[in-house]
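Chain naming here is simple, since letters A, B, ... match the order of the sequence lines and numbering starts at 1 in each.
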Amino acid sequence: MTETLNVTVDRRDGLAVIYTEGYINNQGGEEIAKVAYKLLEEGYKILLLNLAGTKIVNSIGISILIEIIEKMLEIDGKLGFCCLTPTIEKTFHIMGLAQYAPIYSDEASAVAQIRA
Amino acid sequence: MSEGVLREVTLALPMVPEMEIEASKTATAIAESIRMSPDRIDEVRMAVVEACINALEHSRSSDQEVFVTFQVLGDPDPEKLRIMVKDHGIGFSSSEVKEEPKGGPMGGKIKGPQKRGWGLKIIHGLMDEVEIHSGADGTTVVMSKMR
């Protein structure tokens, strides 16, 4: 049994939304990182991770998301999250991610606010 | 309040990737059977995943197995779900586990030796009661959540 993660991207004006579907473990986290770093190379400095399709994450996957946040801070970019389950949001708070990457309830408000 | 064991299920998981998902599926089924709320079930699943990953990744168990026991407690009705994740590995001491990197997660990389600490921190944050017993004959994480 494999719980693979599917990652898709919607490129918009100055902003890219990354959609995930599936389990964010070490492989899933690496897949997101690969996509995020490619977007940085393309010039996108504002990334939004929409986790509506992800119901479970683990600490190894989250540690990779933290590396992406660190990278974004280095280049003066922004990474935000939206559409998290209550448990994933609680876990992000436990791990301290929420201090460095904003969490939005839905994509529309995230897109409106993250550019500000 | 009495806490008799109403039901018990034990899984023996081989140490191969993603076995934690099998444990989380069983946790979900048992939690649903006692009508735990969906948000609380999600928290149980996440805690089970973290406890299993710690055992799978760090225990160095000679028998290459992780045992996960689920107990439904209560009398006469289900009141609590208790989960025990046990390995026969080398154990660890609290000094080996840093609860949090200095300066929070962004103050230091959390990969490598920090990972077990993060898993335990998540488990403590999501479950109502957590006990950890670790020694030369292995580690057992005992965690409970009220229905």
[Y] reachable from [X] in the ILVMFWY side-chain graph, under 4.5 Å edges:
{"X": "A:Leu40", "Y": "A:Phe81", "answer": "yes"}
{"X": "B:Phe67", "Y": "B:Val49", "answer": "no"}
{"X": "B:Phe92", "Y": "B:Val85", "answer": "yes"}
{"X": "A:Ile68", "Y": "A:Ile60", "answer": "yes"}
{"X": "B:Leu13", "Y": "B:Met84", "answer": "no"}

Do A:Met95 and B:Ile122 come within less than 4.5 Å of each other through their side chains, counting heavy atoms only?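 Yes - at least one pair of side-chain heavy atoms lies under 4.5 Å apart.
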Does a side-chain heavy-atom distance below 4.5 Å link B:Trp118 with A:Ile62?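 In short, these two side chains do not touch, never coming nearer than 4.5 Å.
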Evaluate whether atom CZ of A:Arg11 has more than 12 neighbouring non-hydrogen atoms of other residues, nucleotides or ligands under 6.0 angstrom away.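 Atom CZ in A:Arg11 is crowded, with more than 12 foreign heavy atoms closer than 6.0 Å.
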Find the distance between CG (B:Asp39) and NZ (A:Lys90) and round it off to the nearest 0.5 Å.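 Rounded to the nearest 0.5 Å, the CG-NZ separation comes out at 9.0 Å.
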If you measure from CD on B:Glu18 to CG on A:Asn26, what distance do you get to the nearest 0.5 Å?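 So the gap between those two atoms works out to 8.0 Å.
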What pair of heavy atoms forms the shortest contact from A:Ile94 to B:Gly125, and how long is it?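 Reported closest heavy-atom pair: CD1-CA, 3.7 Å.
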With side-chain contact (heavy atoms from CB on, under 4.5 Å) as the test, would you mind laying out the steps for B:Met46 and A:Val57 before giving the verdict? CA-CA 7 Å; B:Met46 190 87 81; A:Val57 303; 3.9 Å; yes
I need the residue from A:Thr85, A:Asn58, A:Thr87 with the largest number of non-hydrogen atom pairs under 4.5 Å to chain B.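 Ranked by contacts with chain B, first place is A:Thr87.
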